[in-house]
Structures are given as C-alpha cells and as structure tokens.
Amino acid sequence: MLQLNYIRDNKEDVLKRLATKNFKDAETIINKVIELDNTRRATQKDGDAIKAEANVIAKQIGELMKAGKKEEAEIQKGKTADLKLREKNLDEALKSIEEDIQNLLVQVPNTPSTKVPAGKTPEDNEVVNEQGTKPELHAAAVPHWELTTKYNLIDFELGVKLTGPGFPVYKGKGARLQRALINYFLDKATAAGYLEIQPPIMVNEDSAYATGQLPDKEGQMYHAQIDNFYLIPTAEVPITNIYRDVILKESDFPVKNCGYTPCFRREAGSYGKDVRGLNRLHQFDKIEIVQITHPDKSYDTLEEMREYVASILKELELPFRTLKLCGGDMSFASALTYDMEVWSAAQKRWLEVSSVSNFETFQTNRLKCRFKGADGKTQLAHSLNGSALALPRIVASLLENNQTPEGIKIPKVLVPYTGFEIIN
RNA sequence: GGAGAAAUGGCAGAGUGGUCGAUUGCGGCAGUCUUGAAAACUGUUGAGGGUCAUACCUCCGGGGGUUCGAAUCCCUCUUUCUCCGCCA
C-alpha cells in the first residue's frame, strides 16, 4: 500500500509511474483519495476541538465537585450533552472516511522503480543476461513427465486419487531428490547469512492482509473456513509477517531470513502445456529468502539477492536467464522484479524458478514495519524477497537436461545430499 | 474440553473513577568524572493523528457500554498462565 502522504506530495510523479504499470484508474482513485483525506483532516480537526472542549469541562466539574460546589457542577454537566452528540457524529464520520480511503488505497499498485522498462506483456521484459549452455539431448530424450514415470519418481495419478490434480506424490529417488534440494537450498542460504525460520504454513486473516494476499487475491488461497486460516501461497507471508507492527533498530539491518515451506496455490483457470507435469502445481515446495533493509540500501540488496540466486543455478549447472520485468508484467506490490528462468531442454522452453523483488515501503506500510533512524525519527523500512528456489521446475529441468541413455545424472553439488549420482 | 487467574511503555512492575500518557526499577541514549573503560552521578527515553511550529486529539490486549470524566466499573471476544481431562 502506498503512503498517503507520499501520494499527496508527489502526485504527478506517482501518476506517471503508475502509468508504466498500465494501471488504468490511477488518476480517478488518487484524486478521490486526496479529496477524502482533506475531508478527513477537517473532520478530525472539528472532532478534536470538541473533545478538547469536553475535556476542559470534565476537568472543571471535577474541581467543582471537590470544592463542594455541586450546583455549579450540575450546570456544567448540562453543557456536555450537546458536545457528546456532536462528538459521536464526527467520530462516526471520521471512521467511515478512513475506511473509504483504505478501500481505495489497497486498490493502487506499487509505483515501479524508474529502472523498470516500459511494456505490457512478458515479451516486453528485458533479458539481463543468459548464462550456461543449453545441453544437446540424445535422440530418445523425453519431457520430464515421461521421465518421472519411466523411473518411478513421481506419481501424478496417485496424487489425483489422494487429493486432486496438482498434488503429486514423490516416490523413492524422486522423494529423496526433493529432500536433497530442500536441504541444499537451506544450507546455501544459511551460509549466505540468512537465518533459517520454520514458520506455520497456515496464517490468519491479519497476516494474509498485511502481505497483500487479501483482499484482492482471496480466490488464489486455500481457506480453512472453520478456523478462518489460509494455507500460505509462499513462505513470504508468515516470514514477512514476523515484522508486522515491529520497530527495528538501525543496527538490526539487514534482516535476513530464509525458510522452507510447502506452498499452496489454487491457480484457478490454468490449462494446457503450461500445467503439464511439474510446470504448475497446487502444492509445491519452495525455499524463500526475505530481507528487510534500510531504504538507502534496498537496491544494492536486490542485486545481491539476484546474484545469490544466480550462484545456486550455476552450481546446479542449469542454463538460465535473468529478466527484468516490464511494468505490465510486474506484480501488484513490486517496485522492481527480476525473474530467473531455467532452460527446460526437452520442453524447449524457459521455466520461471525464481522471482526476486524489491517492494520498497509498499509491504512495510501495511505491515507497519519501521525503524528508528539516526535522526531519531521512525520511518518505514524496505522489504525484499525472492525464491531460492522453488523445487518443481528445478526438478523438471534437472531431469530433462541431465538425461542420458544410461539414466539421469545428478549435479555434483547435490550428490552429498541425494546419496546417489544417477537415477536409472 | 472443564475450572480458576491474568493481560499496562523494550523488559519487569505500580496504579482500582478526576492534576495518569501513566510511580519506580532495569535496559537504551546523551553528558559529568576518567588517558580509556567500568562504577557513580545528572539528564533523557512509547506510538499515531494534527500544526510552518506550538497548541490540541487518540491509544493501558481487541470491540462495545456506563459516566460530565475510565488504565481503573460493566458486557463481549482474543490471548497467556495454573489445575483437571484427553493426546502425537
């Protein structure tokens, strides 16, 4: 959520930047917000004046009672009835105006950083770099959904029986590979200075709201209605919410947390080759990295996180490319996002495995995650997060890219974790 | 699940209807002393709204109520603790 004062002070700039995100109703909503805020201030001023008056009278009554002047006190009491009524009306008006402002503000996406390329579709994303070499597969090479069946690694049909489509069952070396990747990713993150967190995988409404899943993405989360809990779509939600209503010290920066969790996404309306095999699932595993930083440092941090993710992909010997997302393809909350995509050699397409974003104050404003600066002032921190990494598409490309007539070779760095060098 | 107790500032912990946004201690910050540090002493130290800046307003777990006036009384919800029951 954007800061109201920032919008007031930088209206033209905010509108200009929202335009690169192709947000249509920007001007209407922002004008309305500013107008409501003016009304809010005036209303509060009136209300405060009445409250001040009532406070003075109440104090006088106290003194009169103490002095035994009961009759004079009664006279003063008579004055308050009208004040109370006006106070109540103004308080109600204020509450309703504040709600209106809030309802409008949550509709406004984050303003993109000035570094964000213009554009509307994924084709407009800027390719920052491409690293590694795409493998030449042998003649009999097949996509991963055939490999998982051939080597009995993943049973998609069994998942349908137990739960439904998009809930695969991993078996034997398939299950072991999952566990190996999780441990490898967590060890890497820990070595890079991230504190490992094992959070709940269900969150309450407050948490879902604070990181922006609610109100707009309600349909994308699984909802346990009896207890009003939401299954998390990413570890970002519980981990970032650790810092809800927290005032950090400047010396706490940078806050670096990582966590492994299953992630749950309803992903309504998806179909075709995009969802085949491991390409898109309702339940999948992901290691998330989160940082909270000083506003001056967040873009350096973003680059650091991007390089960190790249370093893992290099170790895994996967060809990948880095995209800087254009305005139209960015998420609602992001100010700047890099997507990392690995090459899936049998599908012959790029698969997104990580998305690294700087949210600036967009998340921390809703979270009320602040810090006390050197000047003693309390201000909003910046938040960033990224996947490091999501498992299914990594597994897909590992299986496809490393297939040989003898079997699927495991990258060297993973062997200590899997305990085997080849799947055959 | 049943019974009882509690929820106050970073922490501990006073305050049971009016001068309480809140005594005090610890912690934090600044200063005095010291070559430096410790100790001691002095000062300072919650958040939000509002204002050019003051005034001023709100917040004592959340919500509602009583009252001229609520941290303090009433209702309700949530959470924590103790005891009992059940249990991986």
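Please read all numbers here as calculations on a predicted model, not as lab measurements. A, B, ... follow the sequence lines: proteins, then strands. Residue 1 opens every chain.
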### Cation-aromatic face contact A/Arg366/A/Tyr209, 6.0 Å, 45 degrees
yes

### Message
Could you identify the nucleotide paired to B/C83, looking across every strand shown and requiring Watson-Crick or G-U wobble geometry with both distances under 3.5 Å?
### Response
B/G2

### Message
When you measure only distances, ignoring hydrogens and angles, does the side chain of A/Asp48 come within 3.5 Å of the base of B/G49 through a donor and an acceptor?
### Response
yes

### Message
When the P atoms of B/U23 and B/A14 are compared, how many Å lie between them, rounded to an integer?
### Response
14 Å

### Message
Under 4.0 Å, counting only non-hydrogen atoms across every strand here, what does A/Gln44 touch: a base, just sugar-phosphate, or nothing?
### Response
base

### Query
Roughly, in whole Å, what's the span from CD1 in A/Ile247 to P in B/C11?
12 Å

### Query
B/G69 C1' sits how many Å from A/Glu74 CD, rounded?
13 Å

### Message
Let's see if you can work this out: which of B/G48, B/C56, B/C68 has an atom nearest to the side-chain heavy atoms of A/Ala58?
### Response
B/C68

#### Entry: Centroid separation A/Phe167 to A/Phe264 less than 6.0 Å
no

### Message
Give me the distance, rounded to whole Å, that separates B/G63 from B/U72 when you measure between the P atoms they each carry.
### Response
13 Å

### Task
Send over the distance from A/Lys79 NZ to B/G69 C1', rounded to a whole Å.
16 Å

### Separation between the P atoms of B/C83 and B/G64, rounded to whole Å
36 Å

### Nearest to side-chain heavy atoms of A/Lys77, which nucleotide of B/C68, B/A47, B/U58
B/C68

### Message
Measuring only the C1' atom in each nucleotide, how far is B/C11 from B/A3? A whole number of Å is fine.
### Response
31 Å

### Query
Partner of B/G17 by Watson-Crick or G-U wobble geometry, both contacts under 3.5 Å, or none?
none

### Side-chain N,O (A/Thr378) to OP1/OP2 (B/A47) below 4.0 Å
yes

### Task
Could you tell me whether the phosphate oxygens of B/G64, OP1 or OP2, come under 4.0 Å of any side-chain nitrogen or oxygen in A/Lys95?
yes

### Query
Can A/Glu360 and A/Asn110 be counted as having a side-chain donor-acceptor contact under 3.5 angstrom?
no

### Query
Does the side chain of A/Arg370 pick up a donor-acceptor pair with the side chain of A/Asn365 at under 3.5 Å?
no

### Message
Looking at B/U51, I'd like to know if its phosphate oxygens (OP1 or OP2) sit under 4.0 Å from a side-chain N or O belonging to A/Arg41.
### Response
yes

### Task
Indicate, with a heavy-atom threshold strictly under 4.0 Å, whether A/Lys372 touches base, sugar-phosphate, or nothing.
sugar-phosphate

### Query
So, is A/Arg40 close to the B/G49 phosphate, meaning a side-chain N or O under 4.0 Å from OP1 or OP2?
no

### Task
Report which part of the nucleic acid A/Ile57 touches: base, sugar-phosphate, or nothing (heavy-atom distance under 4.0 Å, all strands).
nothing

### Task
In whole angstrom, give the distance that lies between atom NZ of A/Lys368 and atom P of B/G48.
10 Å

### Inter-nucleotide P distance (B/C75, B/A22), Å rounded
30 Å

#### Entry: Distance, rounded to the nearest Å, where A/Lys51 contributes NZ and B/A55 contributes C1'
17 Å

### Message
Measuring to OP1 and OP2 of B/C57, would you say a side-chain N or O of A/Asn55 lies under 4.0 angstrom away?
### Response
yes

#### Entry: B/G13 to B/A71 separation - C1' atoms, rounded to the nearest Å
14 Å

#### Entry: Shortest side-chain distance from A/Ile61, nucleotide among B/A47, B/G18, B/C57
B/G18

#### Entry: P-based separation of B/U51 from B/U45 [nearest Å]
24 Å

### Message
Please report whether the ring centroid of A/His382 lies less than 6.0 Å from that of A/Phe359.
### Response
no

### Query
Taking for each residue the nucleotide of RNA chain B bearing the nearest heavy atom, is the 5' side occupied by A/Lys88 or by A/Lys45?
A/Lys45

### Message
Any strand counts, and the cut-off is 3.5 Å on both contacts for Watson-Crick or G-U wobble. Which nucleotide pairs with B/U54?
### Response
none

#### Entry: Rounded distance (Å) that lies between atom C1' of B/G69 and atom CD of A/Glu53
15 Å

## Note on the structure
When rounded to the nearest 0.5 Å, the distance separating CG of A/Leu94 from CG of A/Asp46 is 10.5 Å

### Query
How many Å lie between CG on A/Asn5 and C1' on B/G48, as a whole number?
12 Å

### Query
Who is the Watson-Crick or G-U wobble partner of B/G10, with both distances under 3.5 Å?
B/C26

#### Entry: Nucleotide opposite B/C33 in a Watson-Crick or G-U pair, distances under 3.5 Å
none

### Query
Which whole-number value in Å describes the distance from A/Met65 CE to B/G69 C1'?
10 Å

### Query
Only one of A/Arg276, A/Glu400, A/Arg393 clears side-chain hydrogen bond (donor to acceptor under 3.5 Å, both in side chains) with A/His144; which?
A/Glu400

### Message
For B/G69 and A/Lys84 - does any side-chain N or O of the residue sit under 4.0 Å from the phosphate oxygens OP1/OP2?
### Response
yes

